[in-house]
There are 2 protein chains.
Amino acid sequence: MREAAAADNRPYHHGDLRRALIDAAQRLLEAEGPTALSLRAVAREAGVSPAAPYHHFKDKGELLDAVAHEGWDLLNELMTEARASHSLVRDKLTALGVAYVRFARDNPALYRVMYDCSRDKESLPEHVHAENDSAYCQVRDTLVEAGAGPMDEQELELATTAAWCAAHGLAEMFAFKQFDHLKDALGGDDAFLRGVFEHMGIFGKAHHG
Amino acid sequence: MREAAAADNRPYHHGDLRRALIDAAQRLLEAEGPTALSLRAVAREAGVSPAAPYHHFKDKGELLDAVAHEGWDLLNELMTEARASHSLVRDKLTALGVAYVRFARDNPALYRVMYDCSRDKESLPEHVHAENDSAYCQVRDTLVEAGAGPMDEQELELATTAAWCAAHGLAEMFAFKQFDHLKDALGGDDAFLRGVFEHMGIFGKAHHG
DNA sequence: ACTGAATCTGGACGCCGTAAAGATCATCTT
DNA sequence: AAGATGATCTTTACGGCGTCCAGATTCAGT
């Protein structure tokens with residue numbers, strides 16, 4: 001009397017509680033924001049006791065790490081798409097920036113968790129800087145393509161960091177109504193986004209004229 | 001038998017508890033970081049009961065707001081100094097950026113509180129954008145001085161926002177060890193800071209050569 | 001000096017993260 | 001097939017948190 005590991009009827013003790021907890025956390029994050037994301041609430045949402053998560057995560061931080069990890073993966077995917085959908089190198093770089101900020105705008109709570117987790121450990125997750133297709137490497141590689149001539153390795157890292165900083169700064173500013181009048185005047189979020197990027201040296205030279 | 005409102009002997013019920021609470025919060029913030037900053041801990045540090053703060057602040061958020069406000073004031077001062085200590089407009093702009101990021105680096109916990117408070121209200125405190133000598137206005141005015149010819153009002157706001165985003169992004173990145181090897185290679189925090197700024201169009205044209 | 005309002009304390013409530021001990025159930029051994 | 005083993009989940013509990021309320025204390029205006 002136990003029909004497979006379906007969604008309806010719990011197969012094992014719970015099935016795959018680890019997965020269910022991460023999903024519940026993501027659901028709560030979208031619905032209630034980062035402040036409402038307590039371990040107990042996640043357990044409640046997943047339908048288990050408050051102590052159950054401790055069999056799958058060392059503590060609350062490790063659950064958030066898992067959520068953040070999936071956030072970075074999603075961001076990497078979006079940036080890969082953005083980069084692939086343009087042929088001109090200069091368009092690629094801007095597309096990367098736009099994809100980055102758009103992700104932050106569309107998933108503000110998740111974006112916040114991604115950086116908050118890193119803050120405690122004082123370093124971004126390894127796979128953000130890892131070998132291939134990581135967000136950082138995509139920016140760097142695109143900068144190489146766009147670069148006029150061979151670049152100093154150090155100079156390249158500086159430029160990548162600069163682009164990252166610029167995108168992150170813009171992503172954070174999106175949370176503040178302070179800039180709404182600018183967005184409206186320019187005709188929406190995306191126009192505002194491109195407008196700011198145009199003023200940042202890394203993303204296509206500025207001075208609009 | 002009550003000798004004035006000295007520091008030693010509590011004059012009134014406490015003296016100026018509001019002031020004492022803000023000071024205690026700042027002290028705890030520096031010593032233990034933002035996560036340790038509970039309302040109870042602040043009350044403890046100030047030597048009063050856990051409920052005492054509620055006669056001076058609506059809730060915990062309002063206390064943090066007060067701390068954040070003083071943080072912005074300090075930042076404004078530092079930027080005013082930085083701007084005044086350079087005569088060339090281009091140096092002024094870079095000096096503003098350096099002062100901003102240096103403030104964030106030297107007071108990471110306070111810097112975090114300043115933005116976290118704003119996040120909940122979805123807008124920065126008014127006096128950041130206010131008439132004179134606010135951080136935002138100083139950047140904007142310096143951009144006007146540096147700008148080639150008269151600038152569109154909208155364009156000016158975009159440029160100011162771009163500079164702000166860039167500085168904020170860089171300020172946040174300082175928390176991550178990820179960039180330590182770059183800092184070391186360049187010979188310290190300040191060199192790293194200037195290196196990144198050089199790659200941001202707003203702060204002096206990039207391309208180092 | 002008396003009254004009213006402001007300020008502080010003590011205790012309580014419901015939340016939180018986390019730990020320990022006991023119950024339940026799949027799997028492995030024989 | 002039966003029982004041992006270990007993973008998974010629940011119950012209970014502890015201390016800390018933000019916040020409210022009822023009482024005590026002290027200031028300020030009359």
Do any pairs count as a salt bridge (Lys or Arg N to Asp or Glu O under 4.0 Å) and have a residue in [range], sequence neighbours left out, and if so which ones?
range                       : value
residues 45-58 of chain B   : B:Arg27-B:Glu45
residues 173-188 of chain A : A:Lys177-B:Glu122, A:Asp180-A:Lys183
residues 186-196 of chain A : A:Arg102-A:Asp190, A:Arg105-A:Asp189, A:Arg105-A:Asp190
residues 71-86 of chain A   : A:Arg83-A:Glu145

Pairing residues for [X] by the side-chain hydrogen bond (donor to acceptor under 3.5 Å, both in side chains) criterion, not counting sequence neighbours:
X        : value
A:Asp116 : A:Arg119
B:Ser85  : none
B:Asp106 : none
B:His55  : none

Between [N] atom [atom2] and [X] atom [atom1], what is the distance in whole Å?
X       : N      : atom1 : atom2 : answer
A:Tyr54 : D:dT11 : OH    : C1'   : 15 Å
B:Lys60 : C:dC16 : NZ    : P     : 15 Å
A:Leu63 : C:dT18 : CG    : C1'   : 14 Å
A:Phe57 : C:dT18 : CZ    : P     : 13 Å

For the backbone of B:Ser123 and the side chain of A:Gln178, can you confirm whether one donor and one acceptor N or O come within less than 3.5 Å of each other?
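The answer is no, because no donor-acceptor pair under 3.5 Å joins these two groups.
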
ring-ring contact (aromatic ring centres under 6.0 Å, His included) against A:His86, all qualifying residues, sequence neighbours excluded |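 If we apply the ring-ring contact (aromatic ring centres under 6.0 Å, His included) test to A:His86, skipping adjacent residues, there are no hits.
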
Residues from residues 18-43 of chain A sitting under 4.0 Å of DNA chain C, heavy atoms only?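 Those residues whose heavy atoms fall under 4.0 Å from DNA chain C, taken from residues 18-43 of chain A in numerical order, are A:Ser38, A:Leu39, A:Arg40.
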
Can a side chain N or O of A:Arg44 be found less than 4.0 Å away from OP1 or OP2 on C:dC15?
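No, outside the criterion.
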
**Asked** C:dC8 phosphate, OP1 or OP2: any side-chain N/O from B:His56 under 4.0 angstrom?
**Response**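 Checking C:dC8 against B:His56, a side-chain N or O does come within under 4.0 Å of OP1 or OP2.
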
Identify the pairs formed between an N or O of the protein and an N or O of nucleotides 20-22 of chain C at a distance under 3.5 Å, and give each distance.
none

Parallel, tilted or perpendicular: which describes the rings of B:Trp164 and B:Tyr100, with under 30° parallel and over 60° perpendicular?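 Rings of B:Trp164 and B:Tyr100: perpendicular, over 60°.
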
Between the first and last five pairs of the helix from C:dA1-D:dT30 to C:dT30-D:dA1, the angle of the axes, rounded to 10 degrees: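 One end's axis against the other's: 10°.
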
